[in-house]
Each structure stands twice: as structure tokens, then as C-alpha cells.
Amino acid sequence: MSKQFTYSISSIRFDENYQPADSTRLTTNFANLARGEKRQENLRKTLTMINNRFNDLAHWDNPTADRYSVEVDIISADLDIEGNGHTFPVIETLKTTIVDHKENKRIDGMIGNSFSSYVRDYDFSIVLPEHFEKNPKSPPAADFGDLHGKLFQHLLNSEAYQTNFDKQPVICLSVSSSKVYQRTGNQHPVLGIEYKQDEYSLTDDYFHKMGLTVRYFMPAGSVAPLAFYFAGDLLSDYTDLELISAISTMETFQKIYRPEIYNANSTAGHVYQPSLKYQDYSLTQIVYDREERSQMAVTQGKFTEDEFIKPYQAILDEWAANYVVTSETVQKEAVKKRAA
């Protein structure tokens with residue numbers, strides 16, 4: 001039993017020579033860029049955007065805006081359900097490392113950033129459409145996202161995660177185009193102006209089942225708020241440079257994938273509703289096929305159903321029914337490790 005539901009963690013550098021692993025979801029931001037004739041140019045320009053944005057935000061003692069560069073590693077967590085060595089790629093995130101060229105040292109950046117999950121594809125591309133087809137006016141079932149949430153918390157509480165990382169992940173995503181956000185009077189020196197909404201989105205609820213809370217901030221120089229999903233205290237658990245590494249990495253991806261929102265030519269107002277139909281925006285020089293990406297999500301959701309959900313349905317149901325860890329438990333374990 002001790003070998004069942006165990007994780008193994010691996011990493012691969014995201015640089016101009018990056019080639020997606022066979023187990024990587026092709027809809028993932030970083031994998032999507034590394035395809036086609038422009039793949040190396042795409043990757044090089046993306047990394048340049050990340051570095052420039054980082055130096056823009058980390059401007060103190062940085063007069064020529066080139067003190068820092070950011071290295072990005074793709075972290076993959078594979079789950080062995082039966083303890084027989086056969087694994088399924090459950091979750092991928094990004095880990096940043098900050099290179100301080102002035103002090104000639106390397107500094108840990110944020111773990112999390114992007115979030116990639118085959119099971120999430122299954123939930124949103126298979127389960128949810130089937131539900132709305134049968135029940136167009138009713139919300140998803142109460143247990144929607146339960147399995148995924150428990151798998152994520154199980155990963156954070158695992159020996160594999162805590163051996164490799166000493167902080168909880170922060171996931172940074174786009175705000176929802178179906179919700180209205182209002183500017184508050186709160187302003188953080190790095191995260192910027194905070195926004196709030198009166199009603200959580202389906203994605204917010206989904207991430208809440210992963211043990212994560214959400215806050216929305218628009219950093220200086222940004223044109224729209226970003227959604228930050230975290231456990232613990234976003235404002236005190238992370239250094240300024242860690243927060244900047246998350247902003248610079250994920251805002252770059254959002255400018256490429258959602259230019260209508262994050263590369264708009266005007267800044268979000270006090271009351272703001274994002275829209276992918278907004279016309280006044282600029283394109284980056286990076287090639288990206290958003291239509292193909294949306295189609296691939298369905299394909300990969302079906303793959304998850306066939307290769308993970310159906311073959312292990314009984315085992316997954318029994319495990320999920322008995323797994324009761326909470327985000328507070330996960331956080332306490334991380335705190336204990338940092339203090340050790």
C-alpha cells in the first residue's frame with residue numbers, strides 16, 4: 001500500500017532548445033510555443049519578454065535594466081496509482097530561477113506559475129460539456145473537480161514535492177471574461193492594484209477545491225489584473241523577487257495567448273470586464289494558433305478518460321472517498337519543513 005499513489009518529479013529546462021516531452025499536454029503554454037517552423041524564434045522571443053519585464057519591475061539598483069535574467073524549468077509530476085511502476089503525467093508547473101548578474105548568484109524564484117493538468121482537461125472538456133448538454137440551466141454537479149483537487153493536494157503533501165520544494169506554489173492565470181472586477185484601494189508595491197469581484201468563477205471554485213485561494217492584482221505597467229491562486233499568505237510568504245518572477249513569466253504568456261486582454265492598448269478601469277472580443281490591442285511577434293489549442297483540449301481530455309479515468313475508476317473512487325487532507329494540513333507540513 002505504501003507504494004500506491006506515489007509521485008515522481010522531473011524537470012526540463014524551458015529555453016530556445018526546448019522540445020516538449022511525449023507526456024506533455026500540447027495545449028500547455030510552453031509546449032504550444034515549441035512547435036512549427038518558428039519554434040526556436042518563438043522561444044527566444046518569449047524568454048526575452050520575460051527578462052525585460054522582470055527587469056522593468058525589479059528596477060531598484062538596476063539602472064541599465066539588465067541586472068537579472070530568468071531561467072524557467074518545467075516541473076512534471078507523474079503518479080503511480082498501483083505501485084507497479086506504471087505512471088500517468090498528472091500535473092506540470094513551472095519553476096523559475098533568478099540570475100543576479102551583478103552579484104553573480106542564483107536565487108530561487110516561484111514554483112507554480114503556469115498550471116497544466118490532463119485531469120483538468122477531462123473535467124472541463126469532457127465532463128462539463130456533457131453536463132450542460134443534458135442540464136443546460138443547472139450548475140455542475142457538487143462533486144465536480146473533487147478528484148482533481150484531492151490529487152493536487154496529495155501532490156503538495158507528498159514526500160516527492162516537499163523534498164524538491166520548500167514553498168507552496170502560486171498559480172497565475174487570466175481573469176475570467178464572464179466576470180466583472182472592481183478596483184479596490186489596496187495597492188501592493190510589487191503586485192500592484194488589487195481588484196475584487198462579487199462572484200467567483202467556475203475556475204475559482206475549481207481551484208478552491210485544490211486548496212487555493214484567489215486574489216486579483218494589476219502590477220505597475222500592466223493593462224489588466226492577473227488572478228493569483230495560492231495557499232497561505234500571498235503577500236508575506238514570498239519575496240519581492242519571487243513575486244516578480246511569477247508576474248514576468250505569466251504576463252508574458254498571457255500577452256501571447258490573450259492579447260485582447262493583456263496586450264490591450266488601454267488600461268483596465270475601476271470597473272473592468274475582460275473580453276476576448278476587444279479590438280484595440282497589439283500582437284506580439286510570436287506565432288500562436290489559439291484555435292488549434294482549444295481543439296486539442298478536447299482530444300487530451302478524451303485521452304485522460306481512456307488512459308486514466310476509466311482504467312482506474314474503482315481505485316480512484318475509493319481513494320478519493322478516503323482522502324481528507326486539507327490545504328491547512330498541506331501548509332503546516334511545508335512550514336514544518338522550512339523550520340527544520
Side-chain angles (χ1 to χ4, degrees), residues 27-30 32-33 45-46 48-59 70 94 96 110 112-116 124 170-207 212-230 234-235 238 240 242-286 288 290 293-294:
T27 57
T28 301
N29 292 345
F30 41 82
N32 186 269
L33 291 175
K45 288 180 176 178
T46 299
T48 297
M49 287 176 66
I50 292 172
N51 290 335
N52 287 344
R53 183 59 168 140
F54 188 98
N55 283 289
D56 176 46
L57 290 169
H59 51 78
V70 180
L94 299 179
T96 58
M110 190 69 75
N113 303 287
S114 179
F115 181 75
S116 169
F124 278 89
V170 173
I171 310 298
C172 183
L173 303 180
S174 169
V175 287
S176 172
S177 59
S178 66
K179 304 301 177 184
V180 175
Y181 301 83
Q182 294 191 350
R183 190 178 295 189
T184 72
N186 190 38
Q187 185 164 352
H188 184 268
V190 170
L191 293 169
I193 300 168
E194 184 166 19
Y195 279 73
K196 289 188 176 180
Q197 61 170 340
D198 294 332
E199 181 184 13
Y200 285 131
S201 68
L202 185 57
T203 297
D204 295 339
D205 290 336
Y206 193 81
F207 275 74
L212 303 180
T213 303
V214 63
R215 293 177 74 170
Y216 313 93
F217 286 92
M218 185 169 69
S222 300
V223 297
L226 292 158
F228 295 87
Y229 296 87
F230 60 95
L234 178 66
L235 305 190
Y238 306 93
D240 287 350
E242 284 175 320
L243 293 172
I244 291 172
S245 72
I247 295 167
S248 59
T249 301
M250 296 314 299
E251 188 180 83
T252 293
F253 283 131
Q254 297 299 352
K255 283 183 176 181
I256 296 167
Y257 294 122
R258 286 184 170 84
E260 301 93 337
I261 297 174
Y262 290 97
N263 218 28
N265 294 326
S266 58
T267 304
H270 282 76
V271 178
Y272 175 64
Q273 181 169 14
S275 175
L276 293 174
K277 296 181 179 179
Y278 189 68
Q279 296 296 310
D280 186 20
Y281 64 92
S282 300
L283 291 172
T284 65
Q285 299 178 29
I286 297 169
Y288 160 61
R290 186 157 60 193
R293 185 169 183 256
S294 63

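Not measured: the values here are computed from a predicted model. Residue numbers count from 1 along this sequence.
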I need the [X] [atom1] to [Y] [atom2] distance, nearest 0.5 Å.
X	Y	atom1	atom2	value
L226	M250	CG	CE	8.5 Å
I247	T252	CD1	OG1	11.0 Å
L283	E260	CG	CD	8.0 Å
I256	T284	CD1	OG1	5.0 Å
T184	I193	OG1	CD1	8.5 Å
L94	M110	CG	CE	12.0 Å

Does a donor on one side chain and an acceptor on the other come within less than 3.5 Å for Y257 and S174?
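No, no side-chain donor-acceptor pair sits under 3.5 Å.
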
Do T96 and S245 get their side chains close enough for a donor-acceptor pair, meaning under 3.5 Å?
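Yes.
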
Ion pair present between K179 and E199, side-chain N to carboxylate O less than 4.0 angstrom?
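E199 and K179: salt-bridged.
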
Can you label the angle between the Y216 ring and the Y181 ring as parallel, tilted or perpendicular, going by 30° and 60°?
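Ring orientation of Y216 relative to Y181: perpendicular.
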
Does some side-chain heavy atom of [Y] sit less than 4.5 Å from a side-chain heavy atom of [X]?
X	Y	result
Q197	V180	no
V214	Y200	yes
V190	Y238	no
L191	L235	yes
F124	L202	yes
F228	L243	no
Q182	K196	no
L234	F217	yes

Taking the side chain from [X] and the backbone from [Y], do they hold a donor-acceptor pair closer than 3.5 Å?
X	Y	result
Y262	P225	yes
N186	E194	no
N263	S282	yes
R215	F230	no
S222	M218	no
Q279	K277	yes
D204	S201	yes
D56	N52	no

Considering all heavy atoms, the nearest [X]-[Y] contact:
X	Y	value
R53	P219	NH2-CB, 4.0 Å
Y281	A264	CB-CA, 3.8 Å
V175	A227	CG1-N, 4.3 Å
Y195	G269	OH-O, 2.7 Å

Would F115 and Y229 count as a close aromatic pair, with their ring centres under 6.0 Å?
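Not close enough - the centres of the two rings lie 6.0 Å or further apart.
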
Evaluation steps, side-chain contact (heavy atoms from CB on, under 4.5 Å), between C172 and N113
CA-CA 5 Å; C172 183; N113 303 287; 5.8 Å; no

